Amino acid sequence: MKLSLRLPPHYHLRSVILSHGWSALEPFRVMPRRDGLSVAIRMSTGKPVVLLCTQTGRRLQIKAEGTDAVTEGEREEIRGMVAAMFRTDENLDGLYAWARRKKRLSWILAVGAGRILRAPTAFEDTVKMICTTNCSWSLTTLMVGRLTNSLGTAIGDRHTFPSAADMANQTERFYRREIKAGYRSPYLLELARRVAYGDLHIERVRNGELAEQEKIDLFANIMGVGPYALGNLLRLHSVYDRYAHDSWITAEYAKRYHDGRKVSERTIERRYEAFSPYQGLIYWLDMTKPWYRKKHDFDSDFTS
DNA sequence: GCGTCCAGGTCTACC
DNA sequence: GGTAGACCTGGACGC
């Protein structure tokens, strides 16, 4: 089954793939030469499917594999999920206005950067974000890989990411012993149970019904989500004026602008605050600019 | 081979 | 409100 989506001006799928490390985490897989991304998803009917996504001109081409028949309703669901993941509907006019105004930001418009790749659901994004805290990137990939392969739905040689219900049925011991999530284990279990039991309607951040402060309140009240994870999750949900400092990005900033000398977070924020309300996103793009230039193998882009 | 450090932090108790 | 200490894992590094 094939379908396609119309893309807005300045859209470059490759830049979405490079936007952060998500494309290197299961169940995403980067296609050869980084010109496409495949992802295993499970539709609301429970049917798993692998989507191969590539760009041809101003259209995003989607090929669904692993399923015989796809209903019209499922086609619409796939279109909606792909649009949400690849940010095809995201309005970045304000960001691009800054890129036109400031010469050092002009590259953003040239490569169509700024659309940050998301998982199919806010739940999956939040689980993965908790798995990035206080550990190396390699450990994040291991934890997410174990979650996907042990609890997700199999399709061919791949698995979808587990649903909240799949994760809620496990024990803290499982997350410690099998996933090796350490102290994050109770956080993952609590999040899954709150979502599965209907205590936390996390997908509301995706449907446009929440104001910025409501998105902040929703994520900030999840155990395991501190300032770093909050800033990153908000960036995934169109709130671009928040900073997400971590040891990697502050070191990168020090290297770039202060000869490697560490500076306070406040000093960094002062440099970008003029770009309101895109200061958090522009900080991220400024630090990750080299990723968009690299020619070497994809795996090395997100390892440090 | 072994010990130590620390990485894309967060929470809690205490002051 | 600010801060110290505890918390899991695994890879890098020095010895």
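Every heavy atom of this structure was used, including side-chain atoms; hydrogens, water molecules and symmetry mates were not. Chain A is the first sequence line, chain B the second, and so forth, proteins listed ahead of strands; every chain is numbered from 1. Here the structure is a predicted model, which means the values were calculated and not measured.
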Have a look at [X] and say if it touches a base, only the backbone sugar-phosphate, or nothing, with a 4.0 Å heavy-atom cut-off.
| X | result |
| --- | --- |
| A:Ile249 | nothing |
| A:Ser136 | base |
| A:Ala229 | sugar-phosphate |
| A:Met143 | nothing |
| A:Arg177 | nothing |
| A:Ile130 | nothing |

### Query
Which ring-ring contact (aromatic ring centres under 6.0 Å, His included) pairs, counting each pair once, include a residue from residues 149-180 of chain A, with sequence neighbours left out?
none
#### Entry: Pairs touching residues 195-231 of chain A that satisfy ring-ring contact (aromatic ring centres under 6.0 Å, His included), sequence neighbours left out
A:Phe219-A:His237
Quickly work out the [X] [atom1] to [N] [atom2] distance and round it to whole Å.
| X | N | atom1 | atom2 | result |
| --- | --- | --- | --- | --- |
| A:Asn134 | B:dC11 | CG | C1' | 12 Å |
| A:Leu25 | B:dG8 | CG | P | 13 Å |
| A:Asp246 | B:dT10 | CG | C1' | 14 Å |
| A:Leu236 | B:dG8 | CG | P | 18 Å |
| A:Lys262 | B:dA7 | NZ | C1' | 12 Å |
| A:Phe174 | C:dC8 | CZ | P | 17 Å |
| A:Trp248 | B:dC6 | CH2 | C1' | 17 Å |
| A:Leu142 | B:dA7 | CG | P | 18 Å |

### Task
In plain terms, say whether A:Lys63 and A:Glu65 are close enough for a salt bridge, that is, a side-chain N and a carboxylate O under 4.0 Å apart.
yes
### Message
Centroid distance below 5.5 Å plus an interplanar angle below 30 degrees: do A:Trp137 and B:dG8 meet both conditions?
### Response
yes
### P gap between C:dC13 and B:dG8, integer Å
13 Å
### Atom P, compared across C:dC8 and B:dA13: separation rounded to whole Å
15 Å
### Most 5' of A:Asn232 and A:Gly224 on DNA chain B, judged by nearest nucleotide
A:Asn232
### Message
Any residue in residues 179-189 of chain A with a heavy atom nearer than 4.0 angstrom to DNA chain C? Just list them by number, or reply none.
### Response
A:Lys180, A:Gly182, A:Tyr183, A:Arg184
### side chain to side chain donor-acceptor pair (under 3.5 Å) evaluation trace for A:Glu178 with A:Ser150
CA-CA 9 Å; A:Glu178 305 299 325; A:Ser150 58; over 6 Å; no
### Query
Using a cut-off of less than 4.0 Å, is there contact between a side-chain N or O of A:Arg146 and OP1 or OP2 of C:dG10?
yes
### Task
Give a yes/no answer on whether the side chain of A:Ser247 brings an N or O atom under 4.0 Å of OP1 or OP2 in B:dG9.
yes
### Message
Working note: A:Thr45 + A:Glu74, criterion side chain to side chain donor-acceptor pair (under 3.5 Å); need CA distance, chi angles, decisive distance, verdict.
### Response
CA-CA 8 Å; A:Thr45 55; A:Glu74 288 170 340; 3.3 Å; yes
### Task
Could you go through the side chain to side chain donor-acceptor pair (under 3.5 Å) check for A:Arg29 and A:Ser38 one step at a time?
CA-CA 5 Å; A:Arg29 283 189 194 170; A:Ser38 72; over 6 Å; no
### Single hit among A:Leu109, A:Leu92, A:Ile108 for side chain to side chain contact (heavy atoms under 4.5 Å, CB included) with A:His10
A:Leu109
### Message
Listing request: all salt bridge (charged side-chain N to carboxylate O under 4.0 Å, His left out) pairs with a residue in residues 103-118 of chain A, at least two apart in sequence or in separate chains.
### Response
A:Arg104-A:Asp286
### Task
Quick one: do A:Trp284 and A:Asn232 satisfy side chain to side chain donor-acceptor pair (under 3.5 Å)? Show the steps, please.
CA-CA 10 Å; A:Trp284 175 255; A:Asn232 277 314; over 6 Å; no
### side chain to side chain contact (heavy atoms under 4.5 Å, CB included) involving A:Ser163 - partner list, sequence neighbours excluded
A:Arg42, A:Ala165, A:Asp166
### Query
How would DNA chain C look in dot-bracket form, 5' to 3', counting Watson-Crick and G-U wobble pairs with both distances under 3.5 Å and writing | for bases paired to another strand?
|||||||.|||||||
